[in-house]
Each structure stands twice: as structure tokens, then as C-alpha cells.
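All heavy atoms count here, side chains included; hydrogens, waters and symmetry mates do not. Here is the naming used below: chain letters follow the sequence lines, and residue numbers restart at 1 for every chain.
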Amino acid sequence: MSLEISVIQQSDEALGLRLDGAVDSDTSPELEAQLDEMVHPAITYLALNMSGVSFISSAGLRVVFKMLKKMKARDGQLMVTEMNPGVEKVFEVVKLMPDLSVFGSSQEMDEYLTSLQNQQNS
Amino acid sequence: MKLQVKAKEPVSRVLTAVAAELQQQGVKGTLEHDLNVIIDEIHANLRMHVAEDNPDLNWTLLVEVGAECLDLVVEYPGPYFDPTNATPMLGDSLGSRADGGMGLHLISALSDEFHYNYQDGINAMIVRWNLKSDSKENKLCR
């Protein structure tokens, strides 16, 4: 199983990514390396569309924790959308849900990101 | 199904083989997801903590689907180590949650039973799901 990482939205302060595949001990090092490269210092909103994620283990959760801490330190947010029930259960088990901004759909998250951008531009 | 796994190999081969077995047995959905998570937790821990001193380590994976239970059994040679006695480090603050213990916590939380045996130099972890009930209260499955 592999993991594909695609950029679905990008602005000065926001980055939206879609993950497809397994976020496990094989794929997490590559995910971490790519996020380290893509999440430059100005990014304060990181959005992850998880609709294509088959499962996430603790190796992947550590990468999510790292990015969550990074966003919190910048007064930003880590947003997640479209988790399957198994992935959502894992996030709940490790008590991660209260720290995340969770959206039911990509459209909902896109609208939120757009409204943030409009606020910043006004 | 029974599979010999090299600790240094990617977990993807194991997951692919298990997925084929689960499909044949009609197991799917959240249970398949939870099994994938737990296999990756065990494989990553063996690779990191046991194979570090023994790069040629092989472990054995057994998946048995019965009428009432699904058992995942992992066996490997080495010194006694009981993971069911390890205390997961899962604090309430964001900072304290990032390190260590998450894997063991997930194994316990995503299964109905988690046991350990040690005999003749072989460690055995047994992870069990009760297929007859979703209730953790009624988790004994014999």
C-alpha cells in the first residue's frame, strides 16, 4: 500500500492536501518529509482531506501531532475533512478530535478557508 | 492463514496478504481497518525495538477467523517482553500526547482482548475480536 499526497488548495497562508492510501509506518516518513517541505513558515492553516485514507496508525498520528503543534504555535489551525469511520475512531481514541477543526465535507472546508482569506484581505 | 515476516520488510506485503484473507473470509469495514492499524503497530515495534539488535529477525503472523472470534497471533523469538504490562503514555495535553505509548493504547482500544504468553523463548501476542457482539462489556470469546 502506498500514500499519494496531492495539493488541492494553496495560498500564502493556507495549504490544502488530499491524502490517498495508508498512513502507516512505511509511508509516514515520506508524508513527514513532504509536509516539512510544503508547510513553509507563513502557512497557518493546513487542511487535510482524508477521504482516500484507508487507515492511519500511530506512525501517521505522530506526523499529524507534529503539524498540529506547528499550527497551534502559529495561532493557526489543522483542519481535517472526510475521515472514514475507522480513521475517525483512531483520532478519538488518542483524544485528538478536540484539537482539530473537523469538517464533514470538502465544500464546507473550502468555504471556511475562503471566508478566512476574505477576512484577511479586507 | 499463517505468514512468515521479515522484521525489516515493509508492512505493505503483510497487509496485502491479510486483506486477501479477510476478503475470502468476508471480513470488512471497521474490523479490517482496526486489524490493519494493529498489524502496523506490532510490525513497527518489532522493527524498531527487537530487530535493532537482531536484523535477521523473522516473526510469524497468524490470522484465524472463527464463527465467534477473529484472532491475530504474532510470535517472535527473543527475551521476555509483555506489552500488555507496559503503561501507555497518553496524557491529556497536546504536548504529552505526542510521544510514546500510542501504539499499545491503540492495540488495546481497537480490539476486544489483548493477551501475552511466553514459552520456550517465544513471545506470543494474541489480539482478539468478538464477532458476535460490538459490546466491549461482552468481550469474552471462547
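Both A/Leu68 and A/Met97 are members of a single hydrophobic cluster when ILVMFWY side chains are connected at heavy-atom separations under 4.5 Å. In the hydrophobic clustering of ILVMFWY residues, with side-chain heavy atoms under 4.5 Å counting as a link, B/Leu62 and B/Tyr118 come out apart. One hydrophobic cluster holds both A/Leu100 and A/Leu15 under the rule that ILVMFWY side chains link at heavy-atom gaps under 4.5 Å. Neither A/Leu113 nor A/Ile8 shares a network with the other; the hydrophobic side chains, linked directly or stepwise wherever heavy atoms of I, L, V, M, F, W or Y lie under 4.5 Å apart, form separate groups for each.
At distances below 3.5 Å, at least one donor-acceptor pair connects side-chain atoms of B/His105 with backbone N or O atoms of A/Val93.
For NZ of A/Lys89, the number of neighbouring non-hydrogen atoms (other residues, nucleotides, ligands) closer than 6.0 Å is greater than 12. For CD of B/Glu9, the number of neighbouring non-hydrogen atoms (other residues, nucleotides, ligands) closer than 6.0 Å is greater than 12. Other residues, nucleotides and ligands contribute over 12 non-hydrogen atoms within 6.0 Å of the NZ atom of B/Lys8. The 12-atom threshold is exceeded at CG of B/Asn54, counting heavy atoms of other residues, nucleotides or ligands nearer than 6.0 Å.
No other option in B/His43, B/Arg47, B/Met48 has as many heavy-atom pairs under 4.5 Å with chain A as B/Arg47.
Looking at every heavy atom in both residues, B/His33 comes nearest to A/Val87 through NE2-N, 3.4 Å.
You'll find the side chain of A/Asn84 stays beyond 4.5 Å of the side chain of B/Thr30, heavy atoms only. Residues B/Leu106 and A/Val90 have side chains in contact (heavy-atom distance under 4.5 Å, counting atoms from C-beta outward).
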side-chain contact (heavy atoms from CB on, under 4.5 Å) evaluation trace for B/Asn36 with A/Asp24: CA-CA 9 Å; B/Asn36 282 336; A/Asp24 57 25; over 6 Å; no
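Electrostatic pairing of A/Asp26 and B/Arg13 does not count as a salt bridge here, judged by no charged N lying under 4.0 Å from a carboxylate O.
Neither the backbone nor the side chain of A/Lys66 has a heavy atom closer than 4.5 Å to any heavy atom of chain B.
In this structure, the separation between CD1 on B/Ile42 and OG on A/Ser57 is 12.0 Å, given to the nearest 0.5 Å. Summarising the geometry, atom CD belonging to B/Glu32 is positioned 10.0 Å from atom CZ belonging to A/Phe55; distances are rounded to the nearest 0.5 Å. For the atom pair B/Asp40 CG and A/Ser58 OG, the distance stands at 7.0 Å (nearest 0.5 Å).
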